[in-house]
Amino acid sequence: MNILDTFQARHLFEDMTSPGLAKALDKPLTVYAGFDPTSDSLQAGNFVTIMALAHLQRAGHRVIALVGGATGLIGDPSGKSKERNLLSAEQVERNLVGIRENLSRFLDFSPDSANPAILVNNYDWFKDFTFIDLLRDVGRYFRMGVMLGKDSVKKRMESDDGMSFTEFCYQILQGYDFYHLYKTYGCALQIGGSDQWGNITAGTELVRRICGEEVYGMTFPLVCDSTGKKFGKSEGNAIFLDARKTSYYDFYQFFLRTLDADVIRYLKIFTFLPFERIAELEAAVMAAPEKREAQQVLAEELTRAVHGESGLAIARKATGVLFGGAIEGLAAAELEAIFANVPSATLSADQVLGKPAFEVVAAAGMAASKGEARRLVQQGGLYINNARVMGIERAFGASDLCEGRLAVLRGGKKSFFLLKVR
RNA sequence: GGUAGGGUACCGAAGUGGCCAAACGGGGCAGACUGUAAAUCUGCUGGCGAACGCCUUCCUUGGUUCGAAUCCAAGCCCUACCA
């Protein structure tokens with residue numbers, strides 16, 4: 001099975017710039033994919049790109065992860081309906097460190113290995129580029145008709161918000177990245193999500209015009225769940241790979257909650273599990289969907305990959321406690337470990353004891369306002385140590401605190417909050 | 001630079017002197033049902049308050065008026081077409 005077949009079978013293939021790519025991949029190629037440095041942590045939404053690179057590296061190709069330090073300063077208009085906030089150079093620098101750490105969970109950067117991955121930052125070659133350089137050396141290879149015809153441009157021009165010159169030029173920069181990597185590393189393939197098609201072809205065309213050589217582009221589909229929502233967000237919040245931003249527990253839970261209709265596809269995309277194993281799990285979903293066996297495997301595989309065995313153990317233990325409902329028997333120290341990454345707040349004893357529960361919830365910041373906290377209680381959505389709070393006047397007492405200093409609050413079914421009292 | 005249109009809550013969008021904390025839709029939150037699902041149904045969704053209610057909002061700043069999201073003036077921003 002060659003790598004393109006693997007991509008096809010794992011829903012990682014959408015399109016390629018030329019059928020010649022199949023033959024080119026018979027020999028080791030140098031491949032790159034870009035990542036936005038919008039945060040100091042990658043997100044679940046980046047998994048597809050990461051997995052595609054990982055498959056390529058495992059197949060013996062040399063992979064380059066490009067962090068868009070320069071392009072991040074501009075903002076990619078693809079798939080965005082509005083102009084983005086621009087990042088500061090220092091911010092990008094900080095984000096780079098985190099991103100490298102995240103990638104190292106999936107890609108081998110070790111200099112000792114036979115085929116180490118490379119991390120580059122396009123700010124390094126753009127920082128000294130002047131506007132005149134760009135116009136003379138790069139801009140003249142770009143034709144207006146083509147640029148205006150790009151989907152990302154057309155869509156934005158049709159929208160009410162229009163598009164700035166800055167964003168319009170984005171494709172030139174990304175196109176130049178490919179050219180630079182071709183010259184520097186002999187990079188001959190760029191991969192990306194299908195929204196990157198226009199930016200990728202900008203690069204393949206630039207290389208062809210300047211060097212007369214053919215380089216390739218390949219895209220994979222944007223992953224959506226079966227209800228059409230873009231993969232990687234939970235309640236509007238991105239799922240980060242950094243445990244400080246998304247706890248082990250939340251990370252694990254995000255995948256555990258995958259819909260039946262999506263879980264088999266996700267296993268193919270996001271894990272390296274062999275197809276036989278995935279077929280078994282598919283049968284298991286059909287036979288007993290309520291067991292969510294496939295979801296558990298998916299959550300385990302990804303949590304282990306990103307957070308290691310220890311992170312997985314914590315996530316599972318937290319899951320057991322939170323859904324088993326047995327909070328009483330636990331020591332405060334145990335609770336703190338399990339809820340280490342759950343939102344928390346520390347209040348003084350006189351802010352808590354004897355006060356109505358909703359006021360404590362508001363004071364702790366679990367709800368945005370007292371009104372919201374009141375609503376939560378009135379609707380029966382607040383739980384203290386897994387026991388539903390009945391009635392708005394319910395006050396907080398000493399007996400609600402584990403060892404006099406901790407209480408586990410829950411809003412709704414799955415939103416936990418750790419209240420600490422000093 | 002000209003002409004026209006526009007800026008309302010998380011988003012979209014009504015409202016064009018009092019009945020407006022502001023219709024409706026989406027989103028979000030909560031509940032019921034469930035498999036920690038999906039689908040469906042119900043309630044809530046500016047702040048404070050148990051509640052009558054009170055307070056702060058409709059781009060900004062001034063003004064007219066008993067009363068302004070709504071009228072006037074200036075400014076800022078956006079969009080389209082023209083230059």
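Just so you know, these numbers come straight off a predicted model, no measurement behind them. Protein chains get the first letters and strands the later ones, always in sequence-line order, with residue 1 at the start of each.
Under the Watson-Crick or G-U wobble criterion, with both distances below 3.5 Å, B:A21 is left unpaired in every strand shown. Across the strands present, B:G67 finds no partner; the criterion is a Watson-Crick or G-U wobble pair with both atom distances under 3.5 angstrom. Applying the Watson-Crick and G-U wobble criteria (two distances, each under 3.5 Å), B:G49 pairs with nothing in any strand.
A cation-pi arrangement is present between A:R58 and A:F272 under the rule of less than 6.0 angstrom and at most 45 degrees off the ring axis.
Distances shorter than 4.0 Å separate some side-chain N or O of A:Y383 from OP1 or OP2 on B:G31. Taking only side-chain nitrogens and oxygens, A:R292 never comes nearer than 4.0 Å to OP1 or OP2 of B:A37. Listed pair A:R375 / B:C48 fails the phosphate criterion, with no side-chain N or O lying under 4.0 Å from OP1 or OP2. Considering only side-chain N and O atoms, A:R388 lies under 4.0 angstrom from the phosphate OP1 or OP2 of B:A32. Close to B:G35, at under 4.0 Å from its OP1 or OP2, lies no side-chain N or O of A:K291.
A donor-acceptor contact shorter than 3.5 Å links the side chain of A:E403 to the backbone of A:A332.
Spacing between B:G27 and B:A83 at atom C1', rounded to whole Å, works out to 43 Å.
Comparing B:G35, B:G49, B:A30 by their closest approach to the side chain of A:L376 singles out B:A30.
Annotation: A:K245, atom NZ; neighbour count of heavy atoms from other residues, nucleotides and ligands within 6.0 Å is above 12.
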